[in-house]
Amino acid sequence: MIITIKDDFDLKKIEYSGQCFRAKELTDFPGLFRFILDDKILYIKKIEENKFEVDCSEADWTNIWTPFFDLGTNYSKIRKSIVDDPFMHNASDFGAGIRLLAQPHFETLISFIISQRKNIPAIKSSIEKLSELLGQKYTTEYEEIYSFPTPEAVLNASFDDINRCGLGYRTGYIIDAAQKVADKDIKLNELEALDDDELINQLKTIKGVGDKVANCVALFSYGRKSLAPVDVWIQRLIDNEYNGTNPFVKYGDIAGVMQQYAFYYMTHGK
DNA sequence: GGCCAGGCTGAAG
DNA sequence: CTTCAGCCTGGC
């Protein structure tokens, strides 16, 4: 099926935007990108300007992937609204095409717990190993892949098995998170109803979840676009370009979009 | 082979 | 309230 997307939409930039770790361009099929959302797998390829080929039904595109890619938000309009902020203007220009993905709560939570003090290749490797070990296997026309494990699957595994995924001291954090979710100690779906501060506080009750991880989960999984996670790259930006003053706060409900442009520019720009 | 990474925790000042 | 060592392990 061919679909039309008129707004900013760049698959490669989304893959490298740092918010997701399992999306990828298939090495054997350049231009063809794969996304995983729970038990749904999407292959998508750009055909021409604003036109993309997708391998899902129209209903799935509308009900699942349209919200996943946040297609209800006009990103080019957001970019054009930037005034009086040269750095952010350049960054948004460079990062045009990035979108905030609405990713599954549990997967995002675990992924960003894993991310601490790891580089991206190491993060990806751990997540793939976890999925292969505890996820469900799917065979598509292109590959065999595994869904991200459920909290129950994580709990049913032994400490040693999980630890073999290269998690180091984070293994205990991940088991704690799975336990709190499986025991309904934390109901990830119900957190959607909370305001930003309450959501962050609830997430931080999980071991290994501090300010940065909680903000990432809130932005990349709960769609809280008024939040802008501060990692070492963003901190470097705040220190070097803005004299220590956080430039994102003033962007209100699009602060998180600016954070993505800024992060991508810091890590992939010149 | 050494250094350090897209932080957090717990303890100490 | 703020600072800071120590943390597991894999990439480069």
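Each chain gets a letter, A, B and so on, in the order the sequences are listed, and its residues count up from 1. Computed from a predicted model, the values in this text were never measured in an experiment.
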| task | Go through the steps to decide whether A:Asp10 and A:Arg99 satisfy the test salt bridge (Lys or Arg N to Asp or Glu O under 4.0 Å), and finish with yes or no. | result | CA-CA 8 Å; A:Asp10 188 311; A:Arg99 310 194 67 85; over 6 Å; no

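- Looking at heavy-atom distances under 4.0 Å, A:Ile120 makes contact with a base.
- Using bins of under 30°, 30° to 60° and over 60° for the plane-to-plane angle, the ring pair A:Tyr142/A:Tyr43 lands in the tilted bin.
- For the P atoms, the distance linking C:dC4 with B:dG6 amounts to 22 Å, nearest Å.
- With hydrogens and angles left out, the side chain of A:Arg170 and the base of B:dC8 share no donor-acceptor pair within 3.5 Å.
- Computed from coordinates, the A:Asp231 CG to B:dC8 P distance equals 10 Å when rounded to whole Å.
- Here the side chain of A:Gln103 pairs no donor or acceptor atom with the backbone of A:Thr108 at under 3.5 angstrom.
- With both ends at atom C1', the span from C:dG6 to B:dC4 equals 14 Å, rounded to whole Å.
- Atom OH of A:Tyr16 has 12 or fewer neighbouring heavy atoms from other residues, nucleotides or ligands inside a 6.0 Å radius.
- Computed from coordinates, the A:Arg117 CZ to B:dT9 C1' distance equals 13 Å when rounded to whole Å.
- Atom CG of A:Asn119 and atom C1' of B:dG2 are 15 Å apart (whole Å).
- Taking the C1' atoms as reference points, C:dT9 lies 15 Å from B:dG1, given to the whole Å.
- The shortest distance between the side-chain N/O atoms of A:Ser125 and the OP1/OP2 oxygens of C:dG11 is below 4.0 Å.
- Taking atom CD1 of A:Ile127 as the reference point, atom C1' of C:dG11 lies 16 Å away to the nearest angstrom.
- A:Gln116 has its CD atom 11 Å from the P atom of C:dC8, to the nearest Å.
- Less than 4.0 Å separates DNA chain C from no heavy atom of any residue of residues 197-230 of chain A.
- With hydrogens and angles ignored, no donor-acceptor pair under 3.5 angstrom links the side chain of A:Tyr173 to the base of B:dG7.
- Judged by distance alone, with hydrogens and angles left aside, the side-chain atoms of A:Ser147 form a donor-acceptor pair with the main-chain N or O of A:Gln136 at under 3.5 Å.
- Listed candidates were C:dG11, B:dG6, B:dG7. Nearest to the side chain of A:Pro121 is C:dG11.
- Ring geometry for A:Tyr222 against A:His105 counts as parallel: the plane angle stays under 30°, on a 0 to 90° scale with 60° as the upper cut.
- Taking the six-membered ring where the residue is Trp, A:Phe69 and A:Trp65 present tilted rings, their angle falling between 30° and 60°.
- Nucleotide C:dG11 forms a pair with B:dC3, judged by Watson-Crick or G-U wobble geometry with both contacts under 3.5 Å.
- Separating the CD1 atom of A:Ile234 from the C1' atom of B:dG6 is a distance of 9 Å, rounded to the nearest angstrom.
- As a whole-Å value, the separation of A:Ile110 CD1 from B:dG7 C1' is 15 Å.
- Rounded to a whole Å, the CD1 atom of A:Ile114 is 16 Å from the P atom of C:dC8.
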